[in-house]
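Remarks on the structure that follows.
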Amino acid sequence: MGFFTLEHGRLAYITDFALYGSAVVVLAAFLMIAGPSEHRLEIVSFVTLGLGGWTAIEYVLHRFVLHGLQPFRRWHVEHHQRPAALIFTPTILSATLIIVLVFLPSLLLGDLWRACSLTFGLLTGYLGYAITHHAVHHWRADHAWLKKRKRWHALHHHSEQAGCYGVTSSFWDIVFGSTYQAVRMDAVKQNKRPKKIKN
């Protein structure tokens, strides 16, 4: 596998989780230990903004980039055809995008605490997404929340019409109306009356 390929070996796949997990732990420790007490509320606000921002980024990337723009669409089709394959964005690319599009602009427009807080929130969301996406394809669902996410993602993978783009949350699907088609199709296939899936 090449350095910039989308399908990776097990070591690269595990390394991606380890690097992002380490970055989240280091940023959390840095903010808790070194963060000035007078900035605590601001730090928490920017972490929350980063987390919430990630859910929107996840939805936009999945719906409009991975299902809309070439060559990303072609690459994402590969994941739909082989959902258990270790296909993911190369760590060097995702890390570079996070640094260039999130950390550096927030550092230039704000200060170190805002930049670290926003980046920490976004990285935590990204890591949560990566773990959830791995879990829906590779783990047994013993927990109610994971069962719901697995079902939601299965609707995305197996519906005739696209929808259910959120992996960690269905919030933006509900906001933008990209739930009902897939949920209705699933209900028809199961001879059930369609009902709204709650987040």
Side-chain angles (χ1 to χ4, degrees), residues 6 16-17 20-21 23-24 45-83 85 87-91 93-103 105-106 117-139 141 143-187 194-199:
L6 293 177
D16 189 67
F17 286 101
Y20 280 113
V24 164
S45 298
F46 274 87
V47 169
T48 304
L49 181 64
L51 275 168
W54 169 255
T55 66
I57 291 168
E58 173 188 317
Y59 179 84
V60 167
L61 285 175
H62 196 178
R63 182 173 184 176
F64 299 108
V65 177
L66 298 179
H67 281 270
L69 298 176
Q70 294 294 0
F72 309 104
R73 182 178 176 155
R74 185 175 61 251
W75 296 338
H76 192 62
V77 165
E78 188 73 22
H79 166 63
H80 275 256
Q81 292 171 344
R82 299 182 308 123
I87 297 172
F88 66 100
T89 305
T91 307
L93 177 59
S94 60
T96 301
L97 288 173
I98 291 167
I99 290 167
V100 170
L101 298 178
V102 178
F103 181 77
S106 57
S117 301
L118 188 67
T119 304
F120 169 67
L122 189 117
L123 280 179
T124 301
Y126 178 74
L127 182 61
Y129 155 79
I131 292 168
T132 302
H133 192 252
H134 175 79
V136 299
H137 286 295
H138 298 279
W139 294 354
H143 187 272
W145 181 83
L146 183 55
K147 282 180 185 177
K148 190 179 287 187
R149 298 319 315 154
K150 281 178 80 76
R151 185 80 188 127
W152 187 261
H153 201 59
L155 287 172
H156 172 74
H157 270 262
H158 302 294
S159 292
E160 292 173 20
Q161 295 187 7
C164 301
Y165 297 101
V167 174
T168 57
S169 167
S170 50
F171 176 78
W172 295 109
D173 284 295
I174 293 166
V175 168
F176 293 112
S178 53
T179 62
Y180 189 71
Q181 289 177 337
V183 173
R184 186 181 66 212
M185 297 285 290
D186 183 54
K195 54 186 179 179
K196 199 173 186 181
I197 293 180
K198 294 180 183 173
N199 193 9

Between side-chain atoms of residues 123-131 and protein atoms elsewhere (two or more places apart, or another chain), which donor-acceptor pairs fall under 3.5 Å?
| unit_1 | atom_1 | unit_2 | atom_2 | d |
| --- | --- | --- | --- | --- |
| T124 | OG1 | F120 | O | 2.8 |

Report yes if the side chains of [X] and [Y] come closer than 4.5 Å at any heavy-atom pair, otherwise no.
X    : Y    : answer
L97  : T89  : no
V175 : Y59  : no
H143 : R149 : no

Report the distance from atom [atom1] of [X] to atom [atom2] of [Y], rounding to the nearest 0.5 Å.
X    : Y    : atom1 : atom2 : result
L122 : L49  : CG    : CG    : 9.5 Å
W152 : D173 : CH2   : CG    : 5.0 Å
R73  : W75  : CZ    : CH2   : 14.5 Å

What are the two closest heavy atoms between [X] and [Y], and how far apart are they?
X    : Y    : answer
L146 : A135 : CD1-CB, 3.8 Å
L66  : H76  : O-CB, 3.4 Å
T55  : G52  : OG1-O, 2.6 Å
L51  : G121 : CD2-O, 3.4 Å
I174 : T179 : N-CG2, 3.6 Å
E58  : S169 : OE2-N, 4.4 Å

For this session: Using the six-membered ring wherever Trp is involved, compare the ring planes of H156 and H62 and label them parallel, tilted or perpendicular (cut-offs 30° and 60°).
Result: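 Judged by the thresholds at 30° and 60°, the geometry between H156 and H62 is perpendicular.
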For this session: Kindly assign one of parallel, tilted or perpendicular to the pair H133 and H79, based on the angle between their ring planes and the thresholds 30° and 60°.
Result: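 The rings of H133 and H79 sit tilted, inter-plane angle from 30° to 60°.
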Exercise. Which residues pass the side chain to side chain donor-acceptor pair (under 3.5 Å) test with R82, sequence neighbours left out?
Worked result: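 Applying side chain to side chain donor-acceptor pair (under 3.5 Å) to R82 gives E7, E78.
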Exercise. What residues, two or more places apart in sequence or in another chain, satisfy side chain to side chain donor-acceptor pair (under 3.5 Å) together with S94?
Worked result: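 Partners of S94 under the side chain to side chain donor-acceptor pair (under 3.5 Å) test: Y20.
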Exercise. Centres of the Y165 and F176 rings: under 6.0 Å?
Worked result: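 Ring centroids of Y165 and F176 are no less than 6.0 Å from each other.
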